[in-house]
Chemist: 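One structure, pasted below without further comment.
Naming: A, B, ... by sequence-line order, numbering from 1 per chain.
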Amino acid sequence: MKEENMIEYIRTIIDIALASLGYTIKEYKIDKPKNESFGDFSVNAAMSLASELKENPRNIAAGIIGRLEYDNTKISKITVAGAGFINFFISDDYYKSVLIKILEEKDNYGRSCLNEGKTANLEWVSANPTGLLHAGHGRQVCLGKAIANLLEWSGYEVTREYYYNDAGNQMNMLSKSVYARYMQLITPDFPFPPDGYHGEYIKEIAKIIFNNKGDALKDKEDDILFRETAEQYNFGRIKETLGKFNIKHDVFFNETSLYSQGDLKVLLEKFRENNLSYEKEGAVWLKMEDEGFEKDKVIVKSTGEPTYRLPDIAYHINKIKRGFDFIVDIFGSDHGDTYKEVLFGIRAAGYSTENIKVIIHQMVTFKTAAESVKMSKRSDKVYLLDDLISDAGIDATQFFFVMRAPGTQLDFDIDLAREQSDKNPVYYLQYAHARICGILRNAGEIISPEKICAPDFRYELINNSDEIDLLKILSLFPHEISEASYALEPHRIINYLNRTAEAFHKFYHNNRVIDAGNSELSKARLYLCYAAKQVLKNGFDVIGISAPERM
RNA sequence: GCGCCUGUAGCUCAGUUGGAUAGAGCAUCAGCCUUCUAAGCUGAGGGUCAAUGGUUCGAGUCCAUUCAGGCGUACCA
């Protein structure tokens, strides 16, 4: 689909005018002014040039405007204002053409071909199968879902990936914990390992084994069945939880394949050859202290096992070798330091990290009116993501986790998310969609909903400020998508949808859509409603919530 | 101690990559339903953008220092 973007159009005509005046300019911005009286878009090029040219920016702006050649069916007015802004006023006719565009592109309105033909890899969740997803994981789960969508909407072909480790100490402890619970089914006072995994799920796993095998494994603590059953059970439950969000990872990447395929050996050898590692006290260390890190870090323990850093580095190199154009990782802030070590390791091994972007999100606290919900892995009372979903509902959970910028420490108000009222921000958006659906249901006598794709209405009837304001906002959707996608910040879409819903509600409040006495006006407004519904729905798709027909 | 993140209205948070008069929701107060969904709309009050200094035409945004909170700072992952 062709992107007929007003911002790009303005940039093009400005560039031509600048060139004809002989100005060279590194960068200038095309913004949407906060105040409507300053027009629809403003350009700061004249101010950027002012210090260099040592001339009044308003004069420079006037000079640029004098050279501008533009289509006056699109732009109705251009003015100089303030310190030297060039303000563009877009014609109503242009916005009406956007309405037709929305009706034509439908579910694809807002998608861009900016990254067409490129591939992206998004890795997130990546919880090891030692336990279930707790509520805190939810932020990453939901954020990743929305970011994967954003990447797709900007044209990338996205591989959704999950990295896990089913070997090592943690899995041994899991196995021992299950064994202990299993033994407690036979002799109730069997001791539980002090560092063991608590939580009801361990007992569930033990029961499954006991039901299948009886007490046949009572002296076989090391039987592989304990570990395998636990892993299978945990992964099953994790995938089930992800399934509730409709998340399906394309690749589950097992860390052990890096051992069997020899990636780790090759990497270790490379570090050694390039004199980036050394042996001390039986362990292998990576030289990092001279590179701005606090100290050198162990990459192979004295036991011969690698620490997490080495396979993490090898894993990322593996991703680079698979040829992705863009690699995105999402980690919690508890990994805030380690990713830098990993990126350093990748560079030390001779690979570029410029196409790797790491998103670090801060932690979440859950609150109800009664208490602040604690989430300790050591505690029996873990607040699981499944619990949160059944408390708050799937849409509210997705919405609340995506609502805020990743860098903020999120307060998740469970009571608010659960509340089915006007206090709950997710309903404000969904209600706008449901309202439109209600209108369209009632529109049968004017125009049947199936016919709405054909733009045969009299668009000159759309002319009041509520209608035009709504159209203006609808026209910005593709731009918002590409901005949010570039920044990998889905919360921007929520902010945008809020403005969209607000504009619709205002339009609805002041304007009767279905008017039996004026079918032509009704028809035109129905098309506008349909376009608003389409934009809301597309936005909901991106952030990952449903678009209810009724509420 | 050191590193990263955060500090904006009573509360939860936006702030379009340095732009024009500081924004929303909730909460508080005052209005609007015999008419397509009132889960809505309209209005009011509420701010030393943590503090100080700096950079420039211009700073909530960038830099430095200080204060406060979160997360790290393992031969755990």
Chemist: Over all strands shown, is A:A405 touching base, sugar-phosphate only, or nothing at heavy-atom distances under 4.0 angstrom?
Modeler: sugar-phosphate
Chemist: Quantified in whole Å, what is the C1' atom distance between nucleotide B:A22 and nucleotide B:G60?
Modeler: 8 Å
Chemist: Of the listed nucleotides (B:U37, B:G70, B:C76), which one gets closest to any side-chain atom of A:R441?
Modeler: B:U37
Chemist: Using the C1' atoms only, state how far B:C67 lies from B:U52, rounded to an integer number of Å.
Modeler: 11 Å
Chemist: Does a nitrogen or oxygen in the side chain of A:R435 sit under 4.0 Å from OP1 or OP2 of B:A38?
Modeler: yes
Chemist: State the pairing partner of B:A27; accept Watson-Crick or G-U wobble contacts with both distances under 3.5 Å, and report none otherwise.
Modeler: none
Chemist: Checking all strands, does A:N128 fall into the base, sugar-phosphate, or nothing category for heavy-atom contacts under 4.0 angstrom?
Modeler: sugar-phosphate
Chemist: Under a 3.5 Å cut-off for both distances, is B:C67 Watson-Crick or wobble paired, and to whom?
Modeler: B:G7
Chemist: Hey, does A:N511 reach any base, or is it just sugar-phosphate, or nothing, if we go heavy atoms under 4.0 Å?
Modeler: base
Chemist: Look through every strand shown and name the nucleotide pairing with B:A77 as Watson-Crick or G-U wobble, where both distances are under 3.5 Å.
Modeler: none
Chemist: Just N and O in the side chain of A:K34: are any of them under 4.0 Å from OP1 or OP2 of B:A20?
Modeler: yes
Chemist: Looking at B:U12, I'd like to know if its phosphate oxygens (OP1 or OP2) sit under 4.0 Å from a side-chain N or O belonging to A:K423.
Modeler: no
Chemist: Below the 4.0 Å mark, does B:C11 have OP1 or OP2 next to a side-chain nitrogen or oxygen of A:K367?
Modeler: no
Chemist: Rounding to an integer number of angstrom, what distance separates B:G15 and B:U28 when you compare their P atoms?
Modeler: 27 Å
Chemist: Between A:F38 and A:F85, is the gap from one ring center to the other below 6.0 Å?
Modeler: no
Chemist: Under 4.0 Å, counting only non-hydrogen atoms across every strand here, what does A:N495 touch: a base, just sugar-phosphate, or nothing?
Modeler: sugar-phosphate
Chemist: Under 4.0 Å between any heavy atoms, over every strand shown, what does A:A50 touch: base, sugar-phosphate, or nothing? Just pick one.
Modeler: nothing
Chemist: Does A:E341 pair with A:K297 as a salt bridge, N-O distance under 4.0 Å?
Modeler: yes
Chemist: Is there a Watson-Crick or G-U wobble partner for B:G40 with both distances under 3.5 Å, and which nucleotide is it?
Modeler: B:C32
Chemist: Check the phosphate of B:G15 against A:H491, side-chain N and O only, distance under 4.0 Å to OP1 or OP2. Yes or no?
Modeler: yes
Chemist: Of the listed nucleotides (B:C32, B:G19, B:U73), which one gets closest to any side-chain atom of A:H509?
Modeler: B:C32
Chemist: Considering only the C1' atoms, how many Å lie between B:A44 and B:A39, rounded to the nearest integer?
Modeler: 24 Å
Chemist: Answer yes or no as to whether B:G40 has its base stacked against A:Y431, where stacking requires a ring-centre separation under 5.5 angstrom and planes under 30 degrees apart.
Modeler: no
Chemist: How would you label the contact of A:R550 with the nucleic acid (heavy atoms, under 4.0 Å): base, sugar-phosphate, or nothing?
Modeler: base
Chemist: Can you find a side chain N or O atom of A:Y496 that sits less than 4.0 Å from OP1 or OP2 on B:A14?
Modeler: no
Chemist: A:S42 near the nucleic acid: base, sugar-phosphate alone, or nothing, with a heavy-atom cut-off under 4.0 Å?
Modeler: base
Chemist: Can you tell me if A:K506 has over 12 outside heavy atoms packed within less than 6.0 Å of its NZ?
Modeler: no
Chemist: With C1' as the reference atom in both, quote the distance from B:C62 to B:A24 in angstrom, rounded to an integer.
Modeler: 26 Å
Chemist: Has A:Y508 got a side-chain N or O lying under 4.0 Å from the OP1 or OP2 atom of B:U42?
Modeler: no
Chemist: For atom P, what is the distance between B:C29 and B:U73, given to the nearest Å?
Modeler: 48 Å
Chemist: Is it the case that atom CD in A:E55 sees more than 12 heavy atoms from other parts of the structure closer than 6.0 Å?
Modeler: yes
Chemist: Tell me what A:L416 touches on the nucleic acid: a base, only sugar-phosphate, or nothing, going by heavy atoms under 4.0 Å.
Modeler: nothing
Chemist: At 4.0 Å (heavy atoms only), tell me whether A:G336 reaches a base, stays on the sugar-phosphate, or touches nothing.
Modeler: nothing
Chemist: In terms of side-chain heavy atoms of A:N442, which of B:U37, B:C75, B:A20 is nearest?
Modeler: B:U37
Chemist: Heavy atoms only, 4.0 Å cut-off, all strands: where does A:T408 land among base, sugar-phosphate and nothing?
Modeler: sugar-phosphate
Chemist: Please state the C1' separation for the pair B:U61 and B:U17 - nearest whole angstrom.
Modeler: 9 Å
Chemist: With a non-hydrogen cut-off below 4.0 angstrom, is A:E294 in contact with a base, only sugar-phosphate, or nothing?
Modeler: base
